[in-house]
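In what follows, a structure is listed as structure tokens, so that the remarks can point back to it.
Treat the numbers as computed from the prediction; the structure is a model and nothing was measured. The chains referred to below are lettered A, B, ... by the order of the sequence lines, with proteins before strands, and numbering in each begins at 1.
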Number of protein chains: 8
Amino acid sequence: MDRERYEDMGFAKLDMTREERTGFPEVVFCSGKTTEHLTEIFKKLYEEKGQVFGTRACEEQYKALSDALPDIPLSYDPVSGILKSERPGSSTQEKTGNIAVCTAGTADIKVAEEAAQTAEFFGNNVTRFYDIGVAGIHRITDNIEKIRKANVIIAVAGMEGALPSVLGGLVRVPVIAVPTSVGYGASFEGITALLSMINSCANGISVVNIDNGYGAGYIASQINSLAVNGNNYQP
Amino acid sequence: MDRERYEDMGFAKLDMTREERTGFPEVVFCSGKTTEHLTEIFKKLYEEKGQVFGTRACEEQYKALSDALPDIPLSYDPVSGILKSERPGSSTQEKTGNIAVCTAGTADIKVAEEAAQTAEFFGNNVTRFYDIGVAGIHRITDNIEKIRKANVIIAVAGMEGALPSVLGGLVRVPVIAVPTSVGYGASFEGITALLSMINSCANGISVVNIDNGYGAGYIASQINSLAVNGNNYQP
Amino acid sequence: MDRERYEDMGFAKLDMTREERTGFPEVVFCSGKTTEHLTEIFKKLYEEKGQVFGTRACEEQYKALSDALPDIPLSYDPVSGILKSERPGSSTQEKTGNIAVCTAGTADIKVAEEAAQTAEFFGNNVTRFYDIGVAGIHRITDNIEKIRKANVIIAVAGMEGALPSVLGGLVRVPVIAVPTSVGYGASFEGITALLSMINSCANGISVVNIDNGYGAGYIASQINSLAVNGNNYQP
Amino acid sequence: MDRERYEDMGFAKLDMTREERTGFPEVVFCSGKTTEHLTEIFKKLYEEKGQVFGTRACEEQYKALSDALPDIPLSYDPVSGILKSERPGSSTQEKTGNIAVCTAGTADIKVAEEAAQTAEFFGNNVTRFYDIGVAGIHRITDNIEKIRKANVIIAVAGMEGALPSVLGGLVRVPVIAVPTSVGYGASFEGITALLSMINSCANGISVVNIDNGYGAGYIASQINSLAVNGNNYQP
Amino acid sequence: MDRERYEDMGFAKLDMTREERTGFPEVVFCSGKTTEHLTEIFKKLYEEKGQVFGTRACEEQYKALSDALPDIPLSYDPVSGILKSERPGSSTQEKTGNIAVCTAGTADIKVAEEAAQTAEFFGNNVTRFYDIGVAGIHRITDNIEKIRKANVIIAVAGMEGALPSVLGGLVRVPVIAVPTSVGYGASFEGITALLSMINSCANGISVVNIDNGYGAGYIASQINSLAVNGNNYQP
Amino acid sequence: MDRERYEDMGFAKLDMTREERTGFPEVVFCSGKTTEHLTEIFKKLYEEKGQVFGTRACEEQYKALSDALPDIPLSYDPVSGILKSERPGSSTQEKTGNIAVCTAGTADIKVAEEAAQTAEFFGNNVTRFYDIGVAGIHRITDNIEKIRKANVIIAVAGMEGALPSVLGGLVRVPVIAVPTSVGYGASFEGITALLSMINSCANGISVVNIDNGYGAGYIASQINSLAVNGNNYQP
Amino acid sequence: MDRERYEDMGFAKLDMTREERTGFPEVVFCSGKTTEHLTEIFKKLYEEKGQVFGTRACEEQYKALSDALPDIPLSYDPVSGILKSERPGSSTQEKTGNIAVCTAGTADIKVAEEAAQTAEFFGNNVTRFYDIGVAGIHRITDNIEKIRKANVIIAVAGMEGALPSVLGGLVRVPVIAVPTSVGYGASFEGITALLSMINSCANGISVVNIDNGYGAGYIASQINSLAVNGNNYQP
Amino acid sequence: MDRERYEDMGFAKLDMTREERTGFPEVVFCSGKTTEHLTEIFKKLYEEKGQVFGTRACEEQYKALSDALPDIPLSYDPVSGILKSERPGSSTQEKTGNIAVCTAGTADIKVAEEAAQTAEFFGNNVTRFYDIGVAGIHRITDNIEKIRKANVIIAVAGMEGALPSVLGGLVRVPVIAVPTSVGYGASFEGITALLSMINSCANGISVVNIDNGYGAGYIASQINSLAVNGNNYQP
């Protein structure tokens, strides 16, 4: 099976066999792309795959693409910045497993939704636990039994980023820690949260880039898939 | 079931139900502990559990504990710094699943062995791929089919830390990236590798602390366990 | 009343009316001082005040001063690094109020003892809660009612430094956070813990320098004194 | 007494028993919150508590909330960014103790007012000493006797942040140091002031985040309360 | 021969013998220059040399100069930001040698074009290889034989900046690495890519400033010239 | 021709066709390697190639290898740290081209010699210009005509690292800038020199890692070879 | 003589005897001040002193103050950002001594003019040498004899900030180095230039904050005054 | 007059006309130099000039040079690290002007003595004011009248480095600020003091490298010389 085919568009080499090679379809990082480039990429992917999933899109890109591609049914979520065109019926399709997405505060929801919706697009069940930061530890203890049911946990936090450490000590499954740029002063746009998570005294914590909800959703999908289906790789 | 019992030793509160709560036994971080404290901890754990597993131990600690605890059969590996007493027969016990541990260079093996032996202690099969750094990409392509058989990959690299990015693009399973302090000058004792891995352009990469082989081995064990057994949590 | 008298020793201007001005006696920071200078300072203070209290002293300084000043009864604690000569009976003197000193791990005890013994030297009751880090949150919840009885809390932690945030959400009184250099890799000798504490999402947290147990003990003594006696300043 | 009740609003878990648990009512951090969320939070808190206190609000939020909640009497201070609705008569209610709020320069007043007004909302007397930076030391010496009457001092400074060190050497009570982002070039938006304060050679200095006037006002309120009332905690 | 003549314009000392001294004509860095200054510089250079080449120009500068200098035929490329007036026929003039310009992603093209067009202006053949990042290694292996034909390679990458390391291991000629500010979070506006490239485990990699396409184009032109013509310096 | 053969030694995969692939033989980075590993590597390379070239070796490694490999004629230079066994007659073999190696100060010679001797081992003529730092600019102007004869220049400097900028403005050929860890205080072990060189206002400057004399010698050899022989790559 | 009088304006304590105490009149840092505050300060100073000198003013502040204070003759220089009202005849008054103000590039002129005009306001002769950066060293050697006539030199540079090092090696008098935020990428808004200057290998270099032209002008005025008049301090 | 003669010793180009060019003789930075090199340099300078002055020398270098150069009368001061051979009678020669050298603490004396003795070697009167840090401001006010008599002030401080700011507000002459590596934790080996001084809110402060007593002594000598003799430069 050819797993290394790409579409050479000049300005980009579009990965057309991503799903065959890695198990998950190509996702478009919209931020910083020109409308022209984005339009070509959405068009190409929609034609070949019948769906497109873009992250970090802004309102303007949504409007421009809606105008440029009137035949493609696009939807846009301003909270997560996700701009997508799903296959008909995909939202009602049964999802598998269980991924818990937790946030320390309300301001972290933006990043958490990028993670959650990415995981849902990849076919996973997601349970959300928002605003359960460590300064009110009873909000964690109240919810911990529900969190423990997940196969993998995404913990999203800014400021001092302590949520993954507390969660890590209470569960058996991996915790994907997502530092966010929420905070001010010496939070340094998320660096403090990142460093804090990298130095967690709890076991089972690994970390992705600041505000990288998509990355956490991807890894959680890989782990949830392994937990549900095992490793189904075939050479 | 009581999952939150600890032994209060004054200077430490030893977690006696770690395995019941998290699925993995307590591990001792030896570095910086006094011989006296280490002796008490090893003694207590050996009495209760019949085994002890310590990381970041030095030659001197090994000798001191061997003298102080003549009845406990200790073994020490100077490469990984692991000091342990395993249950009789545990090394011949069948292990499960498959974790690939890869390094970019020879100097990264120290950290890789901490990861590999931790995973083996936790009952996992480990396959080693050492010295396959990206400056000689054919060393990766030669081995990639064997690496793809693993349920999870640990990628250990210092200097510019590019190994996880290349591996991440070639596999379906999560890659746990471990930056090492290998390098000089602007490698800043591993910071450059850490930043590089956090910013990986590949999907499926999450990162642990610099030189944290143990942490990577732990997470890989969690994921391998999910892939083999699914989530066996019971409230 | 003269509150600004100092002894000009050439290499130092010794503050002889510190207690009259600030409420607490002069304390000697021993680290980096030559034996000769340290001897002169201890001698001068002992003669004038009948007691001396030094922090960050090493074994060698203890021995050298014991030899040089045979008439001064010195005691040395290798854990905290405190080298002192107390007034007869001072250890049995009744102490006031209640300061809680907590640590995240065993390795933080060194710094915690500097804080605790400083506070005790200044006449305060101290209660110790060691090894109650957030990765085993039940160790906090088990002890929280006792911690709440204190007038002020010192929270000592390295690595990700999350302990003050969790404590801060559970108590009514100020938490003095002390980052420690405990950790490795991206803990950056305590910088990560410092940043984490400065960004705490909990209220009532203020922070001192890395490993600055003395500073925390001093501030806690000020607060405990205010809680017990109110502000007794007289112009 | 139930001290751990929260209102689960989906996007937020509002702490309804904050005052019972910590002695101080919930305060809303307005910055970054959407008008919709802010409106719901103000409405809920006003209904339950009869007052709301928000920090870091902008002119637009003030206008939007005034329109959305015509029945709640809101006031807004553009200097401190505080948006609040106080209980009738609260401003004429007698306040307790004495908190000194000092600034190094005129540009630091913004942060100082956040601290001062927070402390006043919590029922404390506040005395202001603005523009008394160390480059004109006579401005400090002229005012020091009045400053010494306070139970706790808040010292707000940007640039090299030296004010707390000078004050700390002149008083008996704790100094809460607040670095500000005032400055340019190598002031690094307040990092230099933060580091300077953390390294103060004076005793009794502890530090909060850059521009964190609210945090300093909170801690000062805790200390002033201890000085006036002692520790009135009851299990 | 006079190689050190400059035109003193008061606000600038224009290097009129740059080409005689260094082999390459003066290039104008437009960013930050006022329209007035830029106009004078373009006018002076065009009069003396019959051509002008400016980098980092914006749309507004292009328009302003077109208005102010109607007799000079200007062209502007919004992707690379290059604003120039070439000698008639220069674009059809035969170019020498071969410089490969490679990018990791689509967003790096902006910087790559600055490099490529600079090299073309200096008379070199350029071959472009865009979007061949290491997360899809087959995009490199597919093109490597063509890349190997170049006398020097420019490798442009943001995020973790791993492209130069992989290329460096596959070729015989120098690789000029250009970190870009493409990325987010811990990419720190290109610092991570810069550090990564400086620490490359491959041989033959040297690095220029973040986003410095011009600088890379200049050095590549020097090397290509040496490969084609040898060192033609004459005292 | 097979250009991708490696010797799998377990702990290392030795590149046996490095010269066929890149034009230059494998070089051993000795620092941090155990005597045992180093011995095996030197033995293997000497057997296959008849020569070995190691960098960053210490006196102890030289002695240990001399003892372990009595049949291999080793020589060691304590200034550059180079440990090698050259083919008979290689030192008298004619070398090609011209590489200028310059240092700002005397303390930079260590790094410069690593560069110079690497280039000589690769068959290049090297001319040395030591201690010509910019604080005595006449030392540069006195030597500039000789420097200009080189095909490529290596500029080695610590502290503020200004040498490459001044040289870059005076020559036609590429300048490889090598920051060194020479300096103290805010030189940050070479970071200041590295940053300074990366930001050079002169054209034609590219930079390698701090103290990376070997890397500079390698790139200079590539460029000198292109200047003398052109690009002799054959697929 | 009273040298410590200040005008307490509530929001500011205006230094009315600055000139008596330090030899130089109060200068107003306009940036960040509200129009209202700035108006009051300009009015007060003009009334008492007959002149006002403000730095870092923007066009809007100039217009607002011109409207608010129609009786005060204001002038504004958009390059330096200086907004002032000089005493009649002051510009034709004879100035003393000689201060050389040099810049590396054209973009540094903004900062240099702040320095030069400050020095001129304080009564000093200023000679300007602009765009003499080290990449074209002949621009320095051409002008050095004129520069040597000054009593003190201000050297303004961004990017790698090498100008002070070269000048420092050529003159007998102090060089005040002013790093500027000119540059991009790893110039880090002037940090690289600052570090470079702090590490200068030349003697006689001291450094002020990034873009701090005013500060350099002040110190140069102090030194020029000492050179012309000696120290005229009288208790 | 030839002012640009140097002695080319191979490993160094010794500046033999430094005094003619800059007004001050060549000084040797001993740290890091081999005994062999140091011996040759001391010998050469002593022969030509009749005196040698070296900074940052250690005990071992003193002993080695005493052995190697028995005919040169050497003296060594372990506090300042100065190793010198003065001309007979030079210590009793009359010195000119007045330089005040101040330190914040006792631990800063090491650096202050390097500054003071350098200035004395260059023929200046020095007055010392040690241990007058800002936490005991009366130690400054007690001495300020004596400090004001100096033509230039050197202010040496570690930790938060606030001393120059307070002094700068009290005097008319330039303050050369010297940050020291005294401190721990977030003092970052002097970086905090350096940043603090660079951001001083006082006028007249310029800064040299961390621990650079020599540099401060040099600049102070330049300024003191200008104050006493004016600028005596002759082309």
Side-chain angles (χ1 to χ4, degrees), chain B residues 103-108 131-144 147 155-171 175 177 179-207 210, chain E residues 103-108 131-144 147 155-171 175 177 179-207 210:
Chain B
T103 76
T106 301
D108 302 313
D131 199 23
I132 59 166
V134 304
I137 206 80
H138 55 286
R139 296 179 298 186
I140 296 178
T141 45
D142 274 13
N143 290 287
I144 192 64
I147 295 172
V156 184
M159 298 166 84
E160 87 272 56
L163 181 61
S165 291
V166 173
L167 286 176
L170 294 168
V171 300
V175 175
T180 69
S181 51
V182 171
Y184 63 91
S187 80
F188 302 143
E189 307 285 312
I191 301 178
T192 293
L194 169 60
L195 291 176
S196 183
M197 290 166 175
I198 282 285
N199 283 284
S200 178
C201 60
N203 290 315
I205 315 288
S206 62
V207 187
I210 298 164
Chain E
T103 76
T106 300
D108 303 313
D131 200 22
I132 58 166
V134 304
I137 207 80
H138 54 287
R139 297 179 297 186
I140 295 177
T141 45
D142 275 13
N143 290 287
I144 193 64
I147 295 171
V156 184
M159 299 167 82
E160 87 272 56
L163 182 60
S165 291
V166 173
L167 286 176
L170 294 167
V171 302
V175 175
T180 69
S181 51
V182 170
Y184 64 92
S187 82
F188 300 143
E189 305 285 314
I191 301 177
T192 293
L194 169 59
L195 291 176
S196 183
M197 291 167 175
I198 282 285
N199 284 284
S200 178
C201 59
N203 291 315
I205 316 288
S206 62
V207 188
I210 299 163

Item to check | Backbone of E/Cys201 reached by a side-chain donor or acceptor of B/Glu160 within 3.5 Å | outcome: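 Indeed, once roles are kept as given, a pair shorter than 3.5 Å links the two residues.
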Item to check | Top contributor to chain B contacts, counting heavy-atom pairs under 4.5 Å, from E/Ala202, E/Ser165, E/Gly105 | outcome: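 The option with the most such pairs is E/Ser165.
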Item to check | Rounded distance [0.5 Å steps], NE2 in E/His138 versus CG in B/Leu170 | outcome: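 If I round to the nearest 0.5 Å, the distance is 9.0 Å.
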Next on the checklist: Quick check: under 4.5 Å, non-hydrogen atoms only, which of residues 190-197 of chain E neighbour chain B?
Outcome noted: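 So far as heavy atoms go, E/Thr192, E/Leu195, E/Ser196 are the residues that approach chain B to under 4.5 Å.
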Next on the checklist: Under 4.5 Å from any heavy atom of chain E, what part of B/Tyr184 do you find: side chain, backbone, both or neither?
Outcome noted: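 The answer is the backbone of B/Tyr184.
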Next on the checklist: Assess the residue pair B/Val134 and E/Val134 against the criterion (side chain to side chain contact (heavy atoms under 4.5 Å, CB included)); give the C-alpha distance rounded to whole Å, side-chain angles, the decisive distance to 0.1 Å, and a yes or no.
Outcome noted: CA-CA 9 Å; B/Val134 304; E/Val134 304; over 6 Å; no
Item to check | Heavy-atom closest pair, residues E/Ala186 and B/Ile198 | outcome: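 Residues E/Ala186 and B/Ile198, closest heavy atoms: CB-CG2, 3.8 Å.
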